[in-house]
Every structure is written in C-alpha cells, then in structure tokens.
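A short write-up of the structure that comes next.
Letters go in sequence order (proteins before strands), and every chain restarts at 1.
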2 protein chains.
Amino acid sequence: MPKDRRRFTREDPDSRKDALIRATLSLMAARGPSAVTVRAIAEEAGVTQGMIRHYFSSKQDLMNAAYQAHMQTQTEMSQATHDSGGGTARQRLARLIHASVTPPVAEPMALSLWAGFIHMVRRDSAMRVTHEKTYLHYRDLLQVMITAAIAETGRKVSTDEARSLAIACNAVIDGLWLEGGALPDAFDSDELSQIGLRSVEAIIGLSLTGERA
Amino acid sequence: MPKDRRRFTREDPDSRKDALIRATLSLMAARGPSAVTVRAIAEEAGVTQGMIRHYFSSKQDLMNAAYQAHMQTQTEMSQATHDSGGGTARQRLARLIHASVTPPVAEPMALSLWAGFIHMVRRDSAMRVTHEKTYLHYRDLLQVMITAAIAETGRKVSTDEARSLAIACNAVIDGLWLEGGALPDAFDSDELSQIGLRSVEAIIGLSLTGERA
DNA sequence: CGAGTAATTCTGCAAGCGTATAATTACAGA
DNA sequence: TCTGTAATTATACGCTTGCAGAATTACTCG
C-alpha cells in the first residue's frame, strides 16, 4: 500500500482563495491566457487542482475574482500616492498622473493582464460591470481633481467641459500606460511621466508643477 | 460504399490563405483567443482543417500571418484619409487624427483583436518585430506631420521636442482608441474625435481647424 | 482520546486540442 | 479521353483540458 499521498495543512478559506487568485494573475501576466489552466494554477498555488472547484464554482468564477482583485489593486496603487501627503489640488493631480504612468501601475505585466482579461469583459456581464465601474471611477476622480486644480487659479469650468477634459486626460494617461507596457524599452525612465504631466498641463491650460512650460 | 465526401473546387493558394486569415481574425475578434481553434477556423473559412497545415507550417504560423495582415489593414485605413485630398499640413493632421479614433479603425472588434494578439507579441519575436515596426511607423508619421504643421505657422521645433510631442499625441490617440473600443456606448458619436482634435491642438499649441479653441 | 466532519488529495472521464497522414477528388496536359 | 499530380477531405493519434466524485487526511469538539 503506497502511502505517498502528499501531506497538507488546513488553511482558512480566505488565504486559500487569495493564493489561487494570486496564482491566476501571476500565470496570466507571465504566460498569457492559454497558460492559465486549472492544473497550472493549482501548482503555482501549491495545492491540487480540486481546490479550485472547492473554493470557486468554476474556473470562470475564479477568473472573475482574479480580475476584480487586479482592478482593485491597480486603483488603490494609483490613488494611494495622491491621497496621502496633502498639498494643493494641482500638486495632488500631478502625483496622480505620475503614479498612473510609472511602475508598479504601468508595467508590462499589468498590460498583459489587462489584455488577457479584456475579451472576457466583453462576454461576461459581471466582469463588464467591474470594468465600467473601475474606468468611470478613475475618470470621475480625474474630473474632480481637474475641476479643483482649475478652481485654485480662480477660473471656473462647466461640468460638460470638465467631463471632456477628464476624458482627454484619461486618454493621455491610458495611452502612455499602454505604450510603456507594450514597448518597455522604447522610453527613458521618467520620460513618460514628464510627457504625461506636460500634456495634461497643456490640455487643461494650467501649470501643475509651478514652472511654466 | 457511402460517397458522402464533400465536393470541393480547387482555388488558388492566395485566396485560400486569405480566407484562412480572415476566418482567424473574425474568430479572434468575435469570440476571443480561446475560440481560435483549427477546427473553428476551418469551418469559418468553409474548408476542412487539413488546409491549415497545408498552407501554413503550423497554427502559430497562421496566427503570425493574421496578425501581420491585421496591422497592415489598420495602418492603411488610418492613413488613407490623410494621404489623399491634399490641403495644408494642419488639415491633413486633423484628418489623420479623426480617422484614427473613429470606425473602422477604432471599434470594439479592433480592440479585441489587439488584445488577443498582444500576449503573443511578447513571446514571439517575429510578431514583436511587426508590432514595433507598426507602432514606430505611425508615431514617426505623426512626428513628421506635427513638425510640418507647426512649421506652417512659422515656428520651429527641435527633433527632441517633436519626438516628445509625437509620443504625447500618439498617447492621446491610442487612449481614445482604447476607450472607444472598450466602452463603445459611453461616448457620443464624434465626441472622441472632437476631444482628440482639441487635445492635440492643446499639446502642440496650434489650431488645426482654423477656429480658436 | 476517540469520533465526526470538512478540507484536501487523488483518480477518472468525456470532450476538445494541434498535428500527422492516408484516402479521395478535381483539374491540367498529353 | 486518359493519366498524373497536387489540392482537398477524412480519419486517427496522443495529449491536455475542465470537471466530477471517491478516497483520505487533518483538525475540532465532546
């Protein structure tokens, strides 16, 4: 009777789920969607494949959870810097922009993750809701901060105008994030951050750094 | 002796390859990377699966060809409008921007295609070369046109400055392209095009439409 | 310390995958 | 019209996939 069944310790559900989610994201980022199999996830998480269906109702369910976790992390990372520290609205806006186009928010693996999930977003309504919420939440934050930054200089903007400016600034940031992730070696360090800052300044017609462009 | 073997007609190699490539792109766009199987491709193209390995050395080889074909189409579509028609450099730049953020260049399926291929780009060197060439080609075109547009007003820009402006404008365009594709219902028609135009005007400090913002 | 139970591992299955190759067919040229 | 050959279809193989359920183990509670 060969008793080579592997030993294990019971862990609390949350840490097990977390391990599975982290394994999923790690595989998706490093090796693409086709490498995200239940067996690979289990191995990466250090468990056997049965655990996936024990803690999630299906592989797709785990994917949804992983996507949600990733988006939340991205949001938190880009906003942590600007929330803390205080300063003027312009300074906080500058910090938000910088954080959004530099690591750890902007890096090749984050782009891989985004690309790996985006096609599921189109077909899975739960994932689509997560996606829209995250995007609009970020853009709304941008809109509020742009409005505040402009207000500091005494000018006022209508809601419609602020919306357009936020869409534009969001596009610059998204574009730089995308390019930095797709061609990581094509730009100097800080180059994308500086370009992002100057572009937003030009779009909203306002210096964020105290210097004149 | 059941002779239910399907009838067929011989076609020239180019049209067969083209049908397989179009089927590949169609599946990738509509149903994502996991739906792109040799059997699905063959069915979509109206042939049997043996054809794929008859005309391509492997499925991956077909994927490369499809990616290349897609990128070439995108490039041609975005540049067709601005090349023809003449006009000032500013007018041609405005047309290029408009074409780049409106259908058929900017649409959900183009984004799906891009996302589906991007992870292969990271690992396959042939695909990476195609990717870099396409990206840099577009950005260089942008840089040339920005330089020309500014020159029309009598100003001059250094090469370094033109490069930064091109990266910034490319980011806006990419960002709007991405957002239009990811949330097709979140924007009015022409909204993204107008925002793109105004943003580029602000970044390069120049009116492209003859009006003052 | 012993029994119950839930967490975890293990094994198996049906379906689908990419690839290889044999069998057939359509067409060109003699 | 017949024959050779390349294009096309059809079939099969070995492997992997997601999923399901039985077997086993670690831990809790009396």
Listed range with range, the stems formed with DNA chain C by at least 3 consecutive Watson-Crick or G-U pairs (under 3.5 Å) are C:1-30 with D:1-30

*asked:* Using a 3.5 Å distance criterion without hydrogens, assess whether the side chain of Glu201(A) forms a donor-acceptor pair with backbone atoms of Leu208(A).
replied: yes

So, with a heavy-atom separation below 4.0 Å from DNA chain D, the residues of residues 113-121 of chain A are none

Ordered by number, residues from residues 17-37 of chain A within less than 4.0 Å of DNA chain D (heavy atoms) are Val36(A), Thr37(A)

With B for base contact, S for sugar-phosphate-only contact and - for none (protein heavy atoms under 4.0 Å), nucleotides 3-12 of chain D reads ---BSBBBBB

Heavy atoms of Leu20(A) and Ile52(A) approach each other most closely as CD2-CG1, 4.0 Å

Rounded to the Å, how far apart are [X] [atom1] and [N] [atom2]?
X: Lys59(A); N: dG16(C); atom1: NZ; atom2: C1'; answer: 13 Å
X: Arg53(B); N: dA22(C); atom1: CZ; atom2: C1'; answer: 15 Å
X: Phe56(A); N: dA7(C); atom1: CZ; atom2: P; answer: 14 Å
X: Leu62(A); N: dC19(D); atom1: CG; atom2: P; answer: 10 Å
X: Asp61(B); N: dT19(C); atom1: CG; atom2: P; answer: 10 Å
X: Ile52(A); N: dA20(D); atom1: CD1; atom2: P; answer: 13 Å

Please examine the side chains of [Y] and [X], heavy atoms only from C-beta on, and report whether any two atoms are closer than 4.5 Å.
X: Pro184(B); Y: Glu107(B); value: no
X: Gln72(A); Y: Thr130(A); value: no
X: Leu96(A); Y: Leu141(A); value: yes
X: Ser112(A); Y: Ile118(B); value: no
X: Val172(A); Y: Ile195(A); value: no
X: Tyr138(A); Y: Gln74(A); value: no

Asp18(B)/Arg22(B) ion pair, N-O < 4.0 Å: yes

Check your understanding: Charged N to carboxylate O below 4.0 Å: is that the case for Arg163(A) and Glu191(B)?
Key -> yes

Next item on the list: For the residue pair Asn64(B) and Gln60(B), confirm or rule out a side-chain donor-acceptor distance under 3.5 Å.
Entry: yes

Salt bridge (charged side-chain N to carboxylate O under 4.0 Å, His left out) pairs touching residues 122-137 of chain B, sequence neighbours excluded, are none

For residues 59-79 of chain A, the ring-ring contact (aromatic ring centres under 6.0 Å, His included) pairs (sequence neighbours left out) are Tyr67(A)-Phe117(A)

